[in-house]
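The structure appears right after this line, and notes come after that.
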Amino acid sequence: MRTADQIRQEFIDFFVRRHDHIYVPSSSVVPHDDPTLLFTNAGMNQFKPYFLGTRQPPWRRVANTQKCIRAGGKHNDLDDVGKDTYHHTFFEMLGNWSFGDYFKKEAIAWAWELLTEVWELDRRRLHVTVFEGDPDNHVPRDDEAAQYWRDVGVPDDHLHLGSKKDNFWEMGDTGPCGPCTEIHYDKTPDRRGRNLVNRGTPDVIEIWNLVFIQFNRNPDQSLTPLPAQHVDTGMGFERITAVLQGKESNYDTDLFAPLFEAIQRVTQAPPYAGRLDDLKDTAYRVIADHIRTLTFALTDGAVPSNEKRGYVLRSILRRAERYGRQYLGASGPFLADLVPTLVERMGHVFPELRRDPARVQAIIRSEEETFIRNFTRGVKLFQDVAEAARHTGSNVISGKAAFDLHTTYGFFVDITEQMAAEVGLKVDRREFQQLWHEFTERSSKDRKKFVVTAVQGTLPATDDSLKYETLRSPAQILGWVQENIVFSGGLVPHGRSVGLLLDRTCFYAEAGGQVGDSGIIVGGTGPFVVETTQKLGDAVLHIGYLPEGLLEVGQQVEAQVDAARRAEIMRHHTATHLLNLALRQVLGPHVEQKGSLVDEQKTRFDFAHDKPLTNDEILQIEQRVNEQIAADRPVVAVTLPLDQAKQITGVRAVFGEKYPDPVRVVLIGPEDPAAVTWNDSAEFCGGTHIARTSQAGLFKIVSQEAVGKGVRRVTGVSGRGALEAMQGMARILSQLAERLQCPVDQITARVEALQDELRKLHESRKKEQAGDLAAAIDRLLAEAPERDGARIIIGELPPTTMEQVRQQTDRLISKTGSCIVVLGWRDSEKAALRVVVTDKFTHRVHAGNLIKEIVAVVGGRGGGKPEKAEAGGPLADKLPEALALARRRVAEALGV
RNA sequence: GGGGCGGUAGCUCAGUUGGGAGAGCGCUGCAAUCGCACUGCAGAGGUCGAGGGUUCGACUCCCUUCCGCUCCA
């Protein structure tokens with residue numbers, strides 16, 4: 001029997017050796033350069049530019065195996081994984097490719113050759129499909145492909161027509177497309193599967209898809225033939241391995257066996273038995289599949305997080321963890337321990353796995369630990385609500401409880417539902433949906449801001465190239481936007497919030513974290529007040545209002561940016577770049593920008609870092625930024641082709657952001673991109689900056705906080721704000737120094753000494769009082785009358801605290817065994833009372849009720865339980881009176 | 001940006017309408033043992049995240065804030 005490794009190799013060798021293909025390694029499973037794509041989900045992802053014609057392919061014929069992940073997004077197989085024999089979130093796609101080289105004839109002939117001659121598959125079990133045609137879109141039936149199949153010997157009763165859904169491939173709404181032909185394998189024992197092709201049964205499965213890219217879909221939906229025709233084929237590696245090894249299930253192949261053994265080893269569960277109706281075996285499949293996805297994704301640089309790609313990975317990890325805990329009896333983290341097995345199994349094909357498996361394991365382990373913590377807490381909450389439900393005789397978990405479990409502990413409803421089902425309960429889905437709806441509604445609505453998202457009418461483009469050069473510029477009014485409607489003629493209305501449109505402007509529109517400019521637009525009889533500036537497409541909206549006067553479309557005006565505010569903004573923006581650099585230098589290379597906000601008061605900077613900054617780190621960072629400011633380095637912007645800009649040493653960009661090509665790069669220090677070193681700041685940035693660093697004046701970090709797991713936020717000030725922040729602190733310090741009568745640099749020591757002194761004083765006073773108190777108590781005890789075996793101890797104590805009296809009453813109880821105690825004393829000018837009644841007498845004297853009555857005498861309130869009570873009041877002089885009342889009441893109660 | 005939950009001994013966590021801060025594990029000492037483990041006894045260890053407020057009295061209720069987790073946008 002062939003091993004999986006042999007099968008993969010034979011595929012590659014077949015195309016490379018026999019048919020002159022070039023082997024191209026798999027691209028990363030995390031598409032770092034395509035923000036629209038969560039994961040690489042098909043072999044063609046890395047070759048897309050060649051099909052689109054945006055780049056020339058360096059080779060004509062290629063063969064490869066591509067790492068793919070399908071989870072989250074459109075192709076979401078996540079929920080099916082583990083439940084059947086053939087779904088995976090991670091899989092390999094074998095493919096051979098022609099970029100404008102061979103076409104249908106060769107592709108079909110070679111596919112047949114590989115399957116029937118090299119691999120010697122039974123021809124009688126192979127079926128093929130070809131496109132049936134689509135007259136509405138002028139696409140003919142693919143008779144060509146059908147003929148080539150007949151030529152290699154496929155009989156007509158093994159040739160099927162397929163619909164657009166199965167046999168026509170399109171990249172998107174527009175772009176390259178074409179018919180495809182699929183090869184299916186009949187697994188039925190008697191080879192009677194010809195009517196089961198494309199019926200979604202595991203008995204007859206698609207093993208290879210050959211796509212013939214020959215058309216371009218135009219925006220008007222018409223098709224035109226492409227000048228160069230391409231072939232793109234994809235064969236699911238796990239499937240073909242199962243077929244060639246004669247296995248029912250992909251999971252029965254030697255690709256998964258080592259993983260199952262490892263899972264068994266780390267969980268101590270019974271071995272994998274391959275059953276579909278056993279949740280234990282489902283768990284094995286889920287875990288084996290998911291650990292492949294996690295290991296490959298993390299190896300390629302993805303990180304679990306609470307949004308997007310990272311969130312999908314987190315869900316996958318949790319799903320695996322949950323199956324392991326519930327069905328295999330894993331009690332602690334176990335997924336991380338599976339990584340070495342996978343690296344050993346696949347490292348020779350994907351050497352990147354061997355680069356740093358320890359890092360991958362560390363990430364997985366830490367995720368597992370947080371999940372387990374949450375899971376334990378969530379299970380507890382679940383048990384509470386389940387118990388409560390049973391208690392009320394209901395068999396329904398409320399929607400609110402399910403909602404809380406999701407939003408607090410990340411339990412998806414189906415998890416809650418499953419857990420409920422296991423104990424015979426149901427979940428109120430309707431209530432859940434209702435709450436969920438309100439929740440998402442509120443989350444999305446609660447961000448105010450005047451944001452123009454879509455407009456009716458055509459927006460004229462604005463030339464805003466002046467924003468880097470000047471703060472005043474002549475312009476002509478082209479119109480305005482009001483309540484999402486574009487007006488292009490007439491008089492600008494008074495007092496309403498509108499977005500004024502000009503032909504050119506020097507106003508900076510909000511972008512790249514920098515806030516929009518404010519200012520005025522002068523002309524006619526009154527200035528237009530600009531509160532902020534935003535960009536929509538190529539149009540700049542000067543958002544504000546016209547208080548009075550006349551302003552008309554077509555009029556010549558002058559745009560004047562609020563120069564003082566802009567200056568503060570520019571200081572902060574340049575300071576942000578210096579901060580970014582300093583963070584990396586002080587904390588390490590993992591510091592990646594996650595977002596920023598720059599305005600006239602501050603710079604707020606979010607970055608990847610997983611723990612709070614220490615005081616020392618903050619000091620170092622401030623110091624580095626201020627050194628750069630003091631060095632009075634020039635700040636220059638250069639515009640470069642994107643490819644070239646990416647080559648600049650240590651250049652920084654926000655991950656996931658789309659940058660134009662050419663891109664603007666802001667350099668601090670060197671004026672030539674080639675001269676940039678790791679100690680200089682270079683960032684892709686479209687913002688406005690000061691000309692020299694010294695203009696920032698001063699930089700100070702004022703706060704830091706966590707924004708989410710692994711993301712920290714620091715807020716800093718420069719320019720005037722920094723001065724104010726420093727002065728504010730200096731003022732507080734000098735006030736403290738004055739109050740403490742010591743120099744500023746001794747404040748810490750002085751406070752420590754004071755705290756120490758205070759503590760000692762407290763202790764000695766406590767001791768002193770305790771002595772007095774014990775003596776007083778003993779006196780009271782000596783003269784206490786006895787009634788029915790209980791000592792009745794009522795009296796006043798010297799000034800003390802409740803704490804002390806508690807200890808003394810404990811002593812009394814252990815001494816007397818049975819007693820009724822009413823004590824009063826002064827505590828910082830107020831009267832305090834405590835009543836204690838031992839068990840046997842609580843039905844005759846209720847401590848709580850008694851104290852309520854007697855505390856009224858000293859003008860206070862209090863309460864407690866039958867056996868003990870505490871109270872206090874302001875009229876300390878009336879204490880004897882209160883105690884006298886207590887004596888009477890106790891005497892009455894005991895029938896004296 | 002908006003919401004939910006949590007922060008109590010070195011660790012994991014209890015703490016029930018506001019009325020003496022606890023358990024388990026760990027730690028120290030003693031006993032027992034040739035020694036270790038186990039066991040028994042004793043003990044140390046807490047600004048109940050921080051700061052305000054309400055109250056005679058706050059771990060508990062209210063506000064602010066920090067830290068962690070989580071969901072949505």
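Residue numbers begin at 1 in each chain, while the letters A, B, ... track the order of the sequences.
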- Message: What verdict does the salt bridge (charged side-chain N to carboxylate O under 4.0 Å, His left out) test give for A:Asp404 and A:Lys400, after you've listed the backbone C-alpha separation in whole Å, the side-chain angles of each residue and the deciding distance to 0.1 Å?
- Response: CA-CA 6 Å; A:Asp404 286 345; A:Lys400 172 81 172 95; 2.8 Å; yes
[M] and [N], which share atom name [atom1], separated by this distance in whole Å:
{"N": "B:G7", "M": "B:A14", "atom1": "P", "value": "8 Å"}
{"N": "B:A23", "M": "B:G46", "atom1": "P", "value": "15 Å"}
{"N": "B:G26", "M": "B:U47", "atom1": "P", "value": "23 Å"}
{"N": "B:U8", "M": "B:U60", "atom1": "P", "value": "14 Å"}

Partner lookup for [N], please. Criteria are Watson-Crick or G-U wobble with both distances under 3.5 angstrom; report none if nothing qualifies.
{"N": "B:G45", "value": "none"}
{"N": "B:C61", "value": "B:G53"}
{"N": "B:G24", "value": "B:C11"}
{"N": "B:C5", "value": "B:G68"}

Can you see if the side chain of [X] gets near the phosphate of [N] - specifically, an N or O under 4.0 Å from OP1 or OP2?
{"X": "A:Arg713", "N": "B:C66", "result": "no"}
{"X": "A:Arg377", "N": "B:A14", "result": "no"}
{"X": "A:Arg861", "N": "B:U54", "result": "no"}
{"X": "A:Tyr311", "N": "B:U70", "result": "no"}

- Message: Is a donor from one side chain sitting under 3.5 angstrom from an acceptor on the other, for A:Glu853 and A:Asn849?
- Response: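 No, no side-chain donor-acceptor contact under 3.5 Å.
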- Query: Quick one: do the A:Glu387 and A:Gln383 side chains pair a donor with an acceptor below 3.5 Å?
  - Reply: no
- Task: Could you pick out which residue, A:Lys830 or A:Lys380, lies toward the 5' side of RNA chain B when each is mapped onto its nearest nucleotide?
- Result: A:Lys380
- Let me know, please, whether A:Arg373 or A:Gly410 comes out on the 5' side of the other along RNA chain B by nearest nucleotide. A:Arg373
- Query: If only atom types and distance count, is the side chain of A:Thr809 paired as donor or acceptor with the main-chain N or O of A:Arg806 below 3.5 Å?
  - Reply: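 Pair found, side chain donor or acceptor close to backbone of A:Arg806.
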- Query: Atom CZ of A:Phe371 and atom C1' of B:C69: how far apart are they, to the nearest Å?
  - Reply: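 From A:Phe371 CZ to B:C69 C1': 13 Å.
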- Name the closest nucleotide to the A:Arg712 side chain, picking from B:C67, B:C5, B:C72. B:C67
